[in-house]
Q: 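Before we start, here is the structure in question, set down as structure tokens.
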Protein chains: 2
Amino acid sequence: MNVQRLDRAARGRNLSAEHWAQAALDAIAAGGLEAVAVEPLARRLGVTKGSFYWHFPNREALVHAALQLWEKQETEDAVAGVEQEPDPYERIVKLFKRANASYRAGRLYLALAAASDDPAVGRVVRRASARRLDYLYKCYCALGLSEHDARLWSTFAYATYIGNQQVHRDAPDRFPEGAEFREYFKLMLRTLIPRPGGDSAPSRQTVAAK
Amino acid sequence: MNVQRLDRAARGRNLSAEHWAQAALDAIAAGGLEAVAVEPLARRLGVTKGSFYWHFPNREALVHAALQLWEKQETEDAVAGVEQEPDPYERIVKLFKRANASYRAGRLYLALAAASDDPAVGRVVRRASARRLDYLYKCYCALGLSEHDARLWSTFAYATYIGNQQVHRDAPDRFPEGAEFREYFKLMLRTLIPRPGGDSAPSRQTVAAK
DNA sequence: TTCATGACATACGCAGGCGTATCGAACGCG
DNA sequence: CGCGTTCGATACGCCTGCGTATGTCATGAA
């Protein structure tokens, strides 16, 4: 519902720089940074390089634009529907929900992160990671944790958050689905969010076998 | 102790196929699968393509050899020093320790996983992930969890395990170090390994086996 | 010594991607 | 209507990597 297919001749008759940037993001999600190649992208958009080099001075500029677009979209829908949630517990829950909602977004992040040897990409990935971590950190602080504990727990939660996307991609058949996923999800929430009133050790209630 | 620098003229005077495979793994760890390119690798090894095409029919064969080598090394040092540990709790602890021990191994996995669009790579990555997950799953079963709970907890733990490597790479400055890391580590263990007894009590060997 | 083979080096053709240069068509407007 | 700006097509040269074909040189068996 978000990513409109902006193929050739979609918007009026001419492409804009943002069309190219969006296509670049699609390419990254599908094939990594190396897939951001001018001529293949042009073919995919139904135009030729001539068009590209009118909008951008070179490939690097496209990558740059794509990264900017990504960062914008990232922060936009990170804020959307979370910022106005007053309860810090629910805020974290929503963040986790969002994390597992969009498979594509996860792939995109992973692909970008994999390309963070590229200095430009690395900077953006580090910035984005830092922002997410900081936000989570604040949520944990708001839960009543000390700064120190909040730092540990937020890092922990974020690692799990990222790791889930990774596992989902690398071992899709092993990743829980449907009802089991919902249970898995609840387990994570129970475990990763020390609720006000409890301490750092979550309750342990392992139910009996099937 | 394992990866010897096998640059040119290291082993006697001639290279072997395994030299090439090891160099390919290094290249993957450093620059992703795309970095496995014949001519650059040859330069790095101080030879020319002529050598390469004597040992391998084509690039794909090199990638294949590298993947095999990786899988071998993976399973070898996964088994090493863990298999003979009788206490399942300690087994999991050791797995986690190992995970955070070798930064290079983590990078290698992440780089391979990022390239799992390539069918050959994908197969290997999925196999490796599945093996690790299954092993963790068995450890959790040995802890006394039901099969169902063991599945949830092992997936959870593995996601965190992978996620840590990712965070360590993508937000190195935010990842805990030194004393803080040791605390972080203990928090993860405490949280991710439901122990049958209390918390601070030493080991409680529930199951012998093995 | 001869010579076959192992382990390379050298030289080539080819494909694909980058970037440039030039050309053309559709407006927008005065 | 004329004309510049916008947007894109075509055609070119360059580089890098793949793969092949062939040359070369040391060495160990005959």
Side-chain angles (χ1 to χ4, degrees), chain A residues 5-67 111 114-115 117-121, chain B residues 6-67 111 115 117-121:
Chain A
R5 288 270 146 267
L6 321 137
D7 304 50
R8 86 230 118 200
R11 195 86 243 166
R13 190 161 178 67
N14 292 348
L15 298 158
S16 73
E18 201 178 319
H19 287 83
W20 283 95
Q22 186 59 55
L25 285 185
D26 288 348
I28 291 175
L33 185 65
E34 328 276 332
V36 180
V38 176
E39 280 156 324
L41 275 187
R43 281 196 292 272
R44 202 170 170 288
L45 288 171
V47 294
T48 62
K49 304 197 300 179
S51 167
F52 175 82
Y53 284 98
W54 194 91
H55 293 287
F56 298 91
N58 50 34
R59 193 200 107 132
E60 193 189 333
L62 173 60
V63 172
H64 186 76
L67 290 172
D117 315 298
D118 183 300
V121 177
Chain B
L6 322 139
D7 302 50
R8 82 250 128 165
R11 196 87 242 165
R13 190 161 175 69
N14 293 346
L15 297 159
S16 73
E18 202 180 317
H19 288 82
W20 283 95
Q22 187 57 57
L25 285 185
D26 287 348
I28 291 174
L33 184 67
E34 327 278 333
V36 180
V38 176
E39 282 156 321
L41 274 188
R43 280 195 294 272
R44 200 171 172 288
L45 289 173
V47 295
T48 64
K49 305 196 302 180
S51 167
F52 176 82
Y53 284 99
W54 192 90
H55 293 287
F56 299 91
N58 51 34
R59 193 200 107 130
E60 192 188 335
L62 172 61
V63 171
H64 186 75
L67 290 172
D117 315 298
D118 181 299
V121 177

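Throughout, protein chains are lettered first and strands after them, A, B, ... in sequence-line order, and every chain is numbered starting at 1. Basis for what follows: all heavy atoms, side chains included, without hydrogens, waters or symmetry-related copies.
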Q: Can you sort out the partners of Asp118(B) under side chain to side chain donor-acceptor pair (under 3.5 Å), two or more places apart, ordered by chain and number?
A: none
Q: Please encode protein proximity along nucleotides 10-20 of chain C as a string of B, S and -, counting only heavy-atom distances under 4.0 Å.
A: BB-----BBBB
Q: Round to a whole Å and report the spacing from CZ of Phe56(A) to C1' of dC7(D).
A: 14 Å
Q: Check side chain to side chain donor-acceptor pair (under 3.5 Å) between Asn58(A) and all other residues, then give those that pass, not counting sequence neighbours.
A: none
Q: Any side-chain N or O of His55(A) less than 4.0 Å from the OP1 or OP2 oxygen of dT6(D)?
A: no
Q: Taking N or O atoms only and anything under 3.5 Å, show me the protein contacts with nucleotides 24-28 of chain D, one pair per line.
A:
none

Q: Looking only at non-hydrogen atoms, find the nearest pair between Gly31(A) and Asp117(B) and report the distance.
A: CA-OD2, 4.5 Å
Q: Enumerate donor-acceptor pairs with a distance under 3.5 Å from any side-chain N or O in residues 49-57 of chain A to protein atoms, sequence neighbours excluded.
A:
{"from": "Lys49(A)", "atom 1": "NZ", "to": "Glu39(A)", "atom 2": "OE2", "distance (Å)": "3.1"}
{"from": "His55(A)", "atom 1": "NE2", "to": "Leu15(A)", "atom 2": "O", "distance (Å)": "3.3"}

Q: Return the minimal non-hydrogen interatomic distance between Ala111(A) and Ile28(A), and the atom names on each side.
A: CB-O, 3.3 Å
Q: Which pair of non-hydrogen atoms, one from Ala27(A) and one from Ala35(A), has the smallest distance, and what is that distance?
A: O-CB, 3.6 Å
Q: Could you work out, with side chain to side chain contact (heavy atoms under 4.5 Å, CB included) as the rule, every residue matching Ala24(B), not counting sequence neighbours?
A: Val36(B), Leu41(B), Leu62(B), Ala66(B)
Q: Can you name the closest pair of heavy atoms from Ala115(A) and Leu33(A) and give their distance?
A: CB-CB, 3.7 Å
Q: In whole Å, I'd like the distance from the CH2 atom of Trp20(A) to the C1' atom of dG8(D).
A: 10 Å
Q: Nearest whole angstrom, please: distance from the P of dA9(D) to the CG of Leu45(A).
A: 11 Å
